[in-house]
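Along the sequence shown, residues are numbered consecutively beginning with 1. All values reported here derive from a predicted model rather than from experimental measurement.
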Amino acid sequence: MPRPPRLNLSGIPQHVTQRGNNRQACFFATSDYVLYLALLAEACKKHQCALHAYVLMTNHIHFLVTPGSADGVSLLMRDLGRDYVRQVNKKYGRTGTMWEGRFKSSLVDKDAYCLACYRYIELNPVRANMVQRPGEYPWSSFRANALGESQKMITPHETWIALGKNKSSRRQAYSSLFEQALEPIKIEDIRFGVRKGLPTGDRKFKRQIEKSLSTKLGDGKRGRPVKPKP
């Protein structure tokens, strides 16, 4: 079965995820997380990708990133995966791949889903019952976006900037978003989009993507479309 084509457009945020092979661990020690983040920062700079949010879980990763060119995210993930696996394999005397196939991604509607995607990513450790609050987890962007911790690789998205007049008010407004649970429908939409490689957004956003790419997007469902009733 042929792989579905990637939906790559510059200037539009993408939710990116990748899992460890056979859902096994990809990080084994603190130094591995540190190495991965250093390589991520280097690859973002090299391929002109603005990183807005991230989380490194034990056996998978999530990013929210806006590429400066259509192939920016693909080049970023190529270099990041190659360099990280090479160094980790050498360190632990292991061989072979670490990742379960190619990464998955979804173009994100900045108006309706960008901040929801921020929260979805940074709440991963809470949903996994690893911590009670997102600020307790060291390997995510929450401390930068909500608490002002210095993380030079983080570039605020315009929707985050619009939360307030200055950094302090923006962080406060962003933190307040976590006082309420993320809507289940938005969680499902975000998961569906990245799982199927389809845009995460409303119909208008999807039509804009179709127009920009000169292609027709399906709905990600199996089988033939249901014929409308007369």
Side-chain angles (χ1 to χ4, degrees), residues 3-21 25-57 59-92 94-108 110 114 117-118 120-122 124 138-145 148-161 167 193-194 197 199-200 209 212-213:
R3 291 177 174 178
R6 290 207 182 277
L7 306 180
N8 290 326
L9 286 170
S10 63
I12 295 179
Q14 290 192 35
H15 176 202
V16 177
T17 186
Q18 192 168 34
R19 290 193 175 275
N21 191 33
C26 352
F27 305 102
F28 309 98
T30 296
S31 58
D32 300 332
Y33 292 95
V34 173
L35 170 64
Y36 191 91
L37 291 178
L39 293 173
L40 172 59
E42 182 180 316
C44 283
K45 183 177 181 180
K46 179 180 178 181
H47 297 297
Q48 299 180 333
C49 291
L51 180 67
H52 313 302
Y54 73 86
V55 68
L56 309 185
M57 302 294 283
N59 64 357
H60 67 283
I61 58 90
H62 288 270
F63 304 149
L64 181 64
V65 59
T66 299
S69 62
D71 60 352
V73 171
S74 293
L75 294 174
L76 181 155
M77 295 302 291
R78 180 200 66 187
D79 288 3
L80 181 57
R82 178 195 63 207
D83 295 344
Y84 179 72
V85 171
R86 182 173 59 201
Q87 294 194 46
V88 168
N89 280 357
K90 181 179 179 180
K91 176 181 178 180
Y92 294 107
R94 66 186 301 279
T95 59
T97 185
M98 181 174 290
W99 304 110
E100 187 176 75
R102 63 177 189 162
F103 71 92
K104 296 180 179 180
S105 62
S106 172
L107 296 170
V108 176
K110 66 179 183 180
C114 192
C117 201
Y118 263 84
Y120 175 84
I121 290 170
E122 293 173 351
N124 259 261
W139 309 114
S140 88
S141 52
F142 179 84
R143 294 183 181 183
N145 290 323
E149 180 179 276
S150 178
Q151 294 188 25
K152 293 182 180 179
M153 68 175 127
I154 294 296
T155 300
H157 189 267
E158 61 186 65
T159 54
W160 185 92
I161 294 173
K167 290 182 179 179
V194 77
T200 302
I209 299 303
S212 296
L213 294 174

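For Ile161, the side-chain contact (heavy atoms from CB on, under 4.5 Å) criterion is met by Pro156, Arg170, not counting sequence neighbours. Residues satisfying the salt bridge (Lys or Arg N to Asp or Glu O under 4.0 Å) test with Arg78, not counting sequence neighbours, are none. Take Ser106 and apply the side-chain contact (heavy atoms from CB on, under 4.5 Å) test, not counting sequence neighbours, and it matches Val194, Thr200. Asn59 pairs by the side chain to side chain donor-acceptor pair (under 3.5 Å) definition with nothing, not counting sequence neighbours. Residues meeting the side-chain contact (heavy atoms from CB on, under 4.5 Å) test with Gln151, sequence neighbours left out: Tyr54, Arg143, Ala144, Glu149, Ile154. The salt bridge (Lys or Arg N to Asp or Glu O under 4.0 Å) check on Glu42 picks up nothing, with sequence neighbours excluded. Scanning for salt bridge (Lys or Arg N to Asp or Glu O under 4.0 Å) contacts around Lys110 gives Glu158, with sequence neighbours left out. Judged as a side-chain contact (heavy atoms from CB on, under 4.5 Å), and not counting sequence neighbours, the contacts of Pro67 are Gln14, Cys49, Val73. Residues satisfying the ring-ring contact (aromatic ring centres under 6.0 Å, His included) test with His62, not counting sequence neighbours, are His15, His60, Tyr120. Every residue was checked against the salt bridge (Lys or Arg N to Asp or Glu O under 4.0 Å) condition with Lys167, not counting sequence neighbours, and none meets it.
Every pair passing side-chain hydrogen bond (donor to acceptor under 3.5 Å, both in side chains) that includes a residue from residues 65-77 is listed here, sequence neighbours excluded: His52-Thr66, Ser69-Asp71.
Annotation for Gly72 and His47: closest pair O-CB, 4.0 Å, computed over non-hydrogen atoms. Of all non-hydrogen atoms in Val108 and Leu64, the two that sit nearest each other are CG2-CD1, 4.2 Å. For the residue pair Leu40 and Leu80, the shortest heavy atom distance occurs at N-CD1, 3.6 Å. Taking every heavy atom of both residues into account, Cys114 and Thr159 meet most closely at SG-OG1, 3.4 Å. Summarising the geometry of Tyr84 relative to Met98, their closest heavy-atom pair is CE2-SD, 3.5 Å, with the distance given to 0.1 Å. For Val55 against Ile121, the heavy-atom pair with the smallest separation is CG1-O, 3.4 Å.
Remark: Arg82 CZ to Leu39 CG distance equals 10.0 Å, nearest 0.5 Å. To the nearest 0.5 Å, the span separating CD on Glu100 from CZ on Arg102 amounts to 13.5 Å. The distance from atom CE of Met77 to atom OG1 of Thr17, rounded to the nearest 0.5 Å, is 8.0 Å.
Looking only at side-chain heavy atoms (C-beta outward), Leu76 and Cys44 come within less than 4.5 Å of each other. At a threshold of 4.5 Å between non-hydrogen side-chain atoms, the residues Ile12 and Ile209 count as touching.
Tyr118 places a side-chain N or O within donor-acceptor distance of the main-chain N or O of His157, the cut-off being under 3.5 Å.
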Side chains of residues 26-37: which donor-acceptor pairs under 3.5 Å do they make with residues two or more places apart or in other chains?
from, atom 1, to, atom 2, distance (Å)
Ser31, OG, Lys91, NZ, 2.5
Asp32, OD1, Lys91, NZ, 3.0
Asp32, OD1, Tyr92, OH, 3.3
Asp32, OD2, Phe28, N, 2.9
Asp32, OD2, Ala29, N, 3.0
Asp32, OD2, Tyr92, OH, 2.8

